[in-house]
Amino acid sequence: MSERNSGTELDVGWILKVNVNQPAVLRRADQIQTRRTVKKEWQAAWLLRAVTCIDLTTLSGDDTPSNIHRLCYKAKQPIRDDLLQRLNVKDLGITTGAVCVYPARVHDAVCALKEAGCSIPVASVATGFPAGQTPLKTRLEEVRLAVEDGASEIDIVINRTLVLTGQWEGSDFIKTSTGKESVNATYPVALVMVRAIRDFYWKLYKVGLQTSGGGSAVPRKLSCGSLIIGGVGDEWLNSDLFRLW
């Protein structure tokens, strides 16, 4: 993903004035999901687009080079040949948006993708995933090692103490959750984040959104499309500004 944070000074006072009307958010989320669904004739096209925005991920304690290898080949060809032929899109070269792994498995992923002749970016959950509570020096070293091994994207888990104490920082992407919480990507939360992205763009610059841990069902992917289009517009429907995890 290209860097969009130009280093503009953050107006914390503006952020502190933000309020969320929860009942209104819940009503609006329900309206979007029931009234603004993707039309049937466009559902296949949107699902193909959604595939290109997926971070194909494995974050298991028993990850090995062999299952990373399989994951990378799945990322290169995420859709069966017969389906691609039926949809007449075999020549589009559809891949996932990225492969996401732990820092220790970055080298395996880079090698597997190179072997597959594929330029899909490798993302890594450095910085003490999922809690973000390791010392800053340790987190920075983890980022350095992941980049050194070939990661081109880093999913940073912030120390949430900073947020709770009002110590905000800028970012190129925001994420609904780590996917490791008891409650992860809910539609109302994603709606609030999309609105925040829109307001932030009007004031400063573009920020991407990643929805994590909300399940992989087709209806969810279709409703995410409606949310993005209605909230920030078509230009966010690409892997540089939108990711499904």
Side-chain angles (χ1 to χ4, degrees), residues 1-33 36 46 49-50 52-55 97-98 100 121 123 125-127 129-130 132 139 143 152-179 181 183-214 220-221 223-245:
M1 283 172 271
S2 58
E3 184 178 354
R4 289 174 293 277
N5 185 345
S6 60
T8 305
E9 185 175 351
L10 184 62
D11 182 359
V12 177
W14 168 57
I15 293 176
L16 294 177
K17 293 177 183 177
V18 173
N19 289 295
V20 176
N21 184 332
Q22 186 177 20
V25 168
L26 294 174
R27 286 195 302 270
R28 184 57 179 158
D30 184 62
Q31 289 172 355
I32 294 174
Q33 292 182 90
R36 300 190 63 177
W46 162 242
R49 176 67 65 86
T52 69
C53 295
I54 289 174
D55 276 2
C100 184
V125 289
T127 67
F129 178 88
R139 286 184 282 146
V143 171
S152 54
E153 301 176 7
I154 302 294
D155 275 17
I156 292 177
V157 181
I158 62 172
N159 183 329
R160 277 161 279 187
T161 300
L162 299 177
V163 174
L164 296 173
T165 56
Q167 300 178 65
W168 295 96
E169 294 183 4
S171 176
D172 291 323
F173 242 79
I174 57 175
K175 191 171 181 176
T176 51
S177 73
T178 62
E181 307 294 333
V183 177
N184 292 288
T186 67
Y187 204 85
V189 167
L191 173 59
V192 171
M193 293 174 73
V194 166
R195 293 287 178 82
I197 286 171
R198 180 195 62 189
D199 292 348
F200 199 79
Y201 172 50
W202 289 345
K203 194 172 181 69
L204 293 171
Y205 55 85
K206 288 181 179 178
V207 170
L209 172 71
Q210 184 176 63
T211 61
S212 306
R220 172 179 171 261
K221 290 181 170 58
S223 62
C224 281
S226 298
L227 175 64
I228 295 297
I229 292 171
V232 285
D234 292 359
E235 59 186 306
W236 257 260
L237 286 179
N238 62 77
S239 60
D240 281 339
L241 287 167
F242 180 54
R243 292 289 177 87
L244 293 159
W245 192 60

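Because the structure is a prediction, the values reported are computed rather than measured.
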Exercise. Are any side-chain N or O atoms of Thr127 and backbone N or O atoms of Arg139, one a donor and one an acceptor, separated by less than 3.5 Å?
Worked result: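 Checking the backbone N and O of Arg139 against the side chain of Thr127, no donor-acceptor pair under 3.5 Å is found.
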Least distance between heavy atoms, [X] atom then [Y] atom:
X	Y	value
Leu191	Ala29	CD2-N, 3.7 Å
Phe173	Leu209	CE2-O, 3.4 Å
Pro188	Leu26	CG-CD2, 3.6 Å
Ile174	Val207	N-CG1, 4.0 Å
Glu153	Ala98	OE1-CB, 4.1 Å
Val157	Phe129	CG2-CD1, 3.6 Å

Exercise. Looking at Thr165, Val163, Leu164, which one forms a side chain to side chain contact (heavy atoms under 4.5 Å, CB included) with Gln167?
Worked result: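 That would be Thr165.
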If I take atom [atom1] from residue [X] and atom [atom2] from residue [Y], how far apart are they, to the nearest 0.5 angstrom?
X	Y	atom1	atom2	answer
Ser171	Ile158	OG	CD1	8.5 Å
Leu244	Asp55	CG	CG	8.5 Å
Leu204	Trp14	CG	CH2	6.0 Å
Ile229	Ile32	CD1	CD1	11.5 Å
Ile197	Ile228	CD1	CD1	6.5 Å
Arg243	Cys100	CZ	SG	9.5 Å

Please list all pairs meeting salt bridge (Lys or Arg N to Asp or Glu O under 4.0 Å) that have one or both residues in [range], counting only residues at least two apart or in different chains.
range	value
residues 156-167	Arg160-Glu181
residues 186-197	none
residues 13-27	none

Exercise. CZ of Arg49: more than 12 outside heavy atoms within 6.0 angstrom?
Worked result: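 Atom CZ in Arg49 is not crowded, with 12 or fewer foreign heavy atoms closer than 6.0 Å.
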Exercise. Where does the angle between the aromatic ring planes of Trp46 and Phe242 fall among parallel (under 30°), tilted (30 to 60°) and perpendicular (over 60°)?
Worked result: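 Aromatic pair Trp46/Phe242 classed parallel.
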Exercise. Between Phe200 and Tyr205, what is the ring plane arrangement, given parallel below 30°, perpendicular above 60°, and tilted in between?
Worked result: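 If you compare the ring of Phe200 with that of Tyr205, the planes turn out perpendicular.
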